[in-house]
Amino acid sequence: MPDSVAFLATLVAFDTVSTRSNLPLIDWVEAFARGHGAAVERVPDASGNKAALWISVGPGDKPGYVLSGHSDVVPVEGQPWSSDPFVLREEAGRLYGRGTSDMKGFLAVCLAALPAMMTAGLSTPIHLAISYDEEIGCLGVRPLIARMLERGLHPRGCFVGEPTGMEVVVGHKGKSAARVTFRGLACHSALAPQGVNAVEYAARFIEHVRLSAEALVRDGRRDALYDVPHTTGLSSVVRGGSALNIVPETCSVEFEYRAIGGDDAAALAAAAIAYATDILAPMMQAVDPACGVAIEPLIDYPGLETRPEAEIVTLAKTLAGRNGHAKVSYGTEAGLFEALGNTPSVVIGPGSIARAHKADEYVTRDELEACAAFIHQLIAHSCL
């Protein structure tokens, strides 16, 4: 197979922070794939500024395997990078650059393997799914999965290449997050009883989320495969008030739940929102009917819960030369492939999530080589 490091250097050079277009990267990958004879379909977003790619190699009338990765990366502003984050730098076997672990290293290995896929004579197809806006809520993979289903494709399994150190991950938590904005009634603080203090009502909401999270820790389900073995909830961003002597008119709270299998993050978030709209809002409106609560959904994606004995898990362990499996607390697109696409999925890829989103993010040559060996084994398996 070609050296994946050269491909990684090219991918890192594309600044695909989620606030920017990913089209230059998509254009390059599409031209490369078409140049090698692969079937390629582009799935643009509504704005036309971003797109996902579905690349297929092998027979089109059989169910195959999906190699899934996202093209976007998180911002670098304010981080103390030792060198340009969009220029790949190698030092002592480490390859530094934004997205090297999360997750352009995986994409680089897949693209380096594409010529081998084309000449292998696959009897089972291999698909490469490249999405956008994963970092801001797993948005771009949803229309990609929808297009997959429209085409009548029902893959045998999906490998999502998030950084797991090539460990076979069979589960991740689902997440639901929203912003709740309390609209009160401002007045001079000397006349506080005549106003409606949005900050104080927001504080009651925050306490409600905290108490529900404590109940999950105390009485909730447990799954020892997670580093945090229970469902969590918290408030994370609060904005409100303008001056000490003014009763605050508005206050917003951003909160989230991350749920293990068996718990429902969306249901927990909905219960918290119901407390705001059904309990707190009427209390505010009793003083002034113009007061109230506004809800803005932020992120919602399902968890992954693949049975350890599932065929896709056994195959992943065989290809990776592993015996064990694990679960992770961060989210991936795997849960969506399973929930929306009815595609059994595992998460496995080079790098480490502990290096992601930080300055001097890196992946090692050894990790890329281990991933390349996995892909090579998948190609051989797909020729049987």
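With H36 contributing its side chain and A38 its backbone, the two residues share no donor-acceptor pair below 3.5 Å. A donor-acceptor contact shorter than 3.5 Å is absent between the side chain of T364 and the backbone of R94. Side chain of D133 to backbone of I136: no donor-acceptor contact under 3.5 angstrom is found. The main-chain N or O of G262 is found under 3.5 Å from a side-chain atom of R221 such that the two form a donor-acceptor pair. Listed for the N197 side chain is a donor-acceptor partner under 3.5 Å among the backbone atoms of E200. The backbone N or O of L384 lies less than 3.5 Å from a partner atom in the side chain of S123, making a donor-acceptor pair. Remark: the backbone N or O of L191 is not paired with any side-chain donor or acceptor of Q194 at under 3.5 angstrom. Checked by atom type and distance alone, the side chain of R98 never pairs as donor or acceptor with a backbone atom of V73 at under 3.5 Å. Side chain of T306 to main chain of S345: a donor-acceptor pair is present (N/O by atom type, distance under 3.5 Å, no hydrogens or angles). Judged by distance alone, the side chain of K50 and the main-chain N or O of S18 form a donor-acceptor pair under 3.5 Å.
A donor-acceptor contact closer than 3.5 angstrom links the side chains of S82 and D360. Between the side chains of H172 and E162, no donor-acceptor pair of N or O atoms lies under 3.5 Å. Residues H230 and D263 have side chains that never bring a donor and an acceptor to within less than 3.5 angstrom of each other. Of the N and O atoms on the side chains of D102 and H357, at least one donor lies less than 3.5 Å from an acceptor on the other residue. Using a 3.5 Å distance cut-off with no hydrogens or angles, the side chains of R239 and S252 do not pair a donor with an acceptor. In this model, no donor atom of one side chain and acceptor atom of the other lie less than 3.5 Å apart for E296 and T181. At a cut-off of 3.5 Å, with distance as the only test, a side-chain donor of W54 or S56 sits close to an acceptor on the other residue. In the model, N22 has a side-chain atom that pairs as donor or acceptor with a side-chain atom of S71 under 3.5 Å.
Using a 4.5 Å heavy-atom threshold, the side chains of P85 and Q79 count as separate. In this structure, the side chains of N245 and S189 come closer than 4.5 Å at one or more pairs of heavy atoms. Using a 4.5 Å heavy-atom cutoff, the side chains of M117 and L114 are in contact. At least one side-chain heavy atom of L95 sits under 4.5 Å from a side-chain heavy atom of V5. Proximity of R204 to L280: side-chain heavy atoms (C-beta onward) are separated by under 4.5 Å at one or more points. Residues V247 and V196 fail the side-chain proximity criterion, which asks for heavy atoms closer than 4.5 Å. In this structure the side chain of V346 never reaches within 4.5 angstrom of the side chain of V160, judged on heavy atoms.
The distance between the ring centers of Y201 and F182 does not fall below 6.0 angstrom.
R20 pairs in a side-chain hydrogen bond (donor to acceptor under 3.5 Å, both in side chains) with only one of the listed residues (D72, D15, N49), which is D15. The residue from V141, L149, I145 that alone fulfils the side-chain contact (heavy atoms from CB on, under 4.5 Å) condition with L340 is I145.
We find that E207 and R210 are joined by a salt bridge, their nearest charged nitrogen and carboxylate oxygen being less than 4.0 Å apart. With respect to the salt-bridge test (charged N to carboxylate O, under 4.0 angstrom), the residues E361 and R355 do not qualify. Between R142 and E333 there is no salt bridge, since none of the side-chain N atoms of the basic residue sits less than 4.0 Å from a carboxylate O of the acidic one. Remark: R147 engages E41 in a salt bridge, criterion side-chain N to carboxylate O under 4.0 Å.
Once rounded to the nearest 0.5 Å, the distance linking CE of M284 with CD1 of I279 reads 13.5 Å. Atom CD of E256 sits about 12.0 Å away from atom CG of D300, to the nearest 0.5 Å. Put simply, CZ on R307 and CD1 on I312 are 12.0 Å apart, with the number rounded to the nearest 0.5 Å. Rounded to the nearest 0.5 angstrom, S4 OG and R365 CZ are separated by 8.0 Å. I130 CD1 to L53 CG: the interatomic distance, rounded to the nearest 0.5 Å, is 5.5 Å. Here the straight-line distance linking atom CG of L122 with atom CD1 of I126 works out to 5.0 Å at 0.5 Å rounding.
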Give the C-alpha distance, both sets of side-chain angles, the deciding distance and a yes or no for side chain to side chain contact (heavy atoms under 4.5 Å, CB included) between K104 and L8.
CA-CA 6 Å; K104 290 180 175 179; L8 181 57; 3.9 Å; yes
Steps toward side chain to side chain contact (heavy atoms under 4.5 Å, CB included) verdict (F374, V109)
CA-CA 10 Å; F374 178 92; V109 172; over 6 Å; no
Under the ring pair (Phe, Tyr, Trp, His ring centres under 6.0 Å) rule, what do F86 and F14 come out as? Steps first, then yes or no, please.
CA-CA 7 Å; F86 298 107; F14 291 108; over 10 Å; no
Between Y96 and V363, is a side chain to side chain contact (heavy atoms under 4.5 Å, CB included) present by the stated rule, with each step listed?
CA-CA 7 Å; Y96 293 91; V363 68; over 6 Å; no
Are S47 and D45 close enough, and set up right, to give a side chain to side chain donor-acceptor pair (under 3.5 Å), and what steps lead you there?
CA-CA 6 Å; S47 73; D45 75 345; 2.9 Å; yes
May I have the step-by-step check of side chain to side chain donor-acceptor pair (under 3.5 Å) for E338 and T343, ending in yes or no?
CA-CA 5 Å; E338 195 154 89; T343 303; over 6 Å; no
Is there a side chain to side chain donor-acceptor pair (under 3.5 Å) between E167 and H325? Walk through the geometry before answering.
CA-CA 7 Å; E167 189 172 25; H325 56 267; over 6 Å; no
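In the hydrophobic clustering of this structure, V170 groups with F106; members are Ile, Leu, Val, Met, Phe, Trp, Tyr whose side-chain heavy atoms approach within less than 4.5 Å, directly or through other members. Hydrophobic clustering places I348 together with L315 (ILVMFWY residues linked when any side-chain heavy atoms are closer than 4.5 Å, directly or through intermediates).
The hydrophobic cluster of L234 has no other members, since no ILVMFWY side-chain heavy atom comes under 4.5 Å of it.
A cation-pi arrangement is not found for K173 relative to Y330, the charged atom failing to lie both closer than 6.0 Å to the ring centre and inside a 45° cone about the ring normal.
Ring orientation note: the planes of F255 and Y257 are nearly perpendicular, at an angle over 60° on the 30°/60° scale.
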Just list the side-chain donor-acceptor pairs under 3.5 Å for residues 59-67, sequence neighbours left out, or say none.
unit_1 : atom_1 : unit_2 : atom_2 : d
Y65    : OH     : H381   : NE2    : 3.3

For residues 23-32, dump all side-chain donor-acceptor pairs below 3.5 Å to protein atoms at least two apart in sequence or in another chain.
unit_1 : atom_1 : unit_2 : atom_2 : d
D27    : OD1    : R42    : NH1    : 3.3
D27    : OD1    : R42    : NH2    : 2.6
E30    : OE1    : R42    : NE     : 2.9
E30    : OE1    : R42    : NH2    : 2.6
E30    : OE2    : R34    : NE     : 3.0
E30    : OE2    : R34    : NH2    : 3.1

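Residue K317 qualifies as enclosed at atom NZ: its count of foreign heavy atoms under 6.0 Å is above 12. Atom CG of D227 is surrounded by more than 12 heavy atoms from other residues, nucleotides or ligands within 6.0 Å.
Contact between P163 and S352 at its shortest, heavy atoms only, is CB-N, 3.5 Å.
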